[in-house]
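Just so it is clear: chains get the letters A, B, ... in the order the sequence lines come, proteins before strands, and each one is counted from 1. Side chains are part of it too, since the values below use all heavy atoms of this structure and drop only hydrogens, waters and symmetry mates.
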Amino acid sequence: AQKVTQAQTEISVVEKEDVTLDCVYETRDTTYYLFWYKQPPSGELVFLIRRNSFDEQNEISGRYSWNFQKSTSSFNFTITASQVVDSAVYFCALSGRAGADTGRRALTFGSGTRLQVQP
Amino acid sequence: NAGVMQNPRHLVRRRGQEARLRCSPMKGHSHVYWYRQLPEEGLKFMVYLQKENIIDESGMPKERFSAEFPKEGPSILRIQQVVRGDSAAYFCASSPGAVSTDTQYFGPGTRLTVL
């Protein structure tokens, strides 16, 4: 069975601080995909990034960066110089390989980390 | 280029009534997924559909819940005889359905409140 753990329930930082959101996953699949989604107070889910299990290169997009370490089954998300608009709940998610077992397309979500950025 | 559309955004039902939630996928997407988010929790997978077919309904309760994605029109998630425990946000996602596992793009959700 797949599992995603986001141990940090809530994090509060002051604007301009850097913050890292942790994500640890479990899967038996050799090919899988990891995602981060943002859920702002308005409630919608915003896709941030997708990473496949063969690509361990870290990725940077503006103030966002992601650190994928297969050896520790972690896919952590760092926001540099946080801003009030970053306040949201952030979800890490995992999906398995496609193929005959098409049910694997379902995403398994972590319980989310609520980030509060104070001005 | 419209995203995933869901309606209604908010739905209030009394116990025992039926709830009907609609989802129109992004243009060009033929795969639809429904998830449920209980208060203060992450999203839980319910059902995965392609046009006219249910591919995986392993996350859907066996009773009172059903889903369809007809050849024409939106996908529908139907909850019969709602109970208070059905109060949640229901999210629909769509993907293009290429060979590899695709990114799922989510709609804004329908907040169901059962009185």
Enquirer: Going by atom types alone, do B/Ser75 and B/Trp34 pair a side-chain donor with an acceptor below 3.5 Å?
Expert: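 Result is yes, a qualifying pair exists.
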Enquirer: Taking atom types as modelled, is there a side-chain donor on A/Asp29 or A/Thr31 under 3.5 Å from an acceptor on the other?
Expert: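 No.
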Enquirer: I'd like to know if A/Glu59 pairs up with A/Arg51 as an ion pair, taking the criterion as any Lys NZ or Arg NE/NH1/NH2 lying under 4.0 Å from an Asp or Glu carboxylate oxygen.
Expert: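 Yes.
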Enquirer: Quick check on A/Gln6 against chain B: is it the side chain, the backbone, both or neither that has a heavy atom closer than 4.5 Å?
Expert: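 Neither part.
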Enquirer: Under a 4.5 Å heavy-atom cut-off, does chain A meet the side chain of B/Gln6, its backbone, both or neither?
Expert: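 For B/Gln6, there is no contact with chain A at all, as no heavy atom is under 4.5 Å.
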Enquirer: Among A/Gly110, A/Ala93, A/Gly43, who wins on heavy-atom pairs under 4.5 Å with chain B?
Expert: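 Heavy-atom pair counts peak at A/Gly43.
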Enquirer: Using the ring pair (Phe, Tyr, Trp, His ring centres under 6.0 Å) rule, collect all pairs that involve residues 5-29 of chain A, keeping only residues at least two apart or in two chains.
Expert: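 Residue pairs passing ring pair (Phe, Tyr, Trp, His ring centres under 6.0 Å), neighbours aside: A/Tyr25-A/Tyr32.
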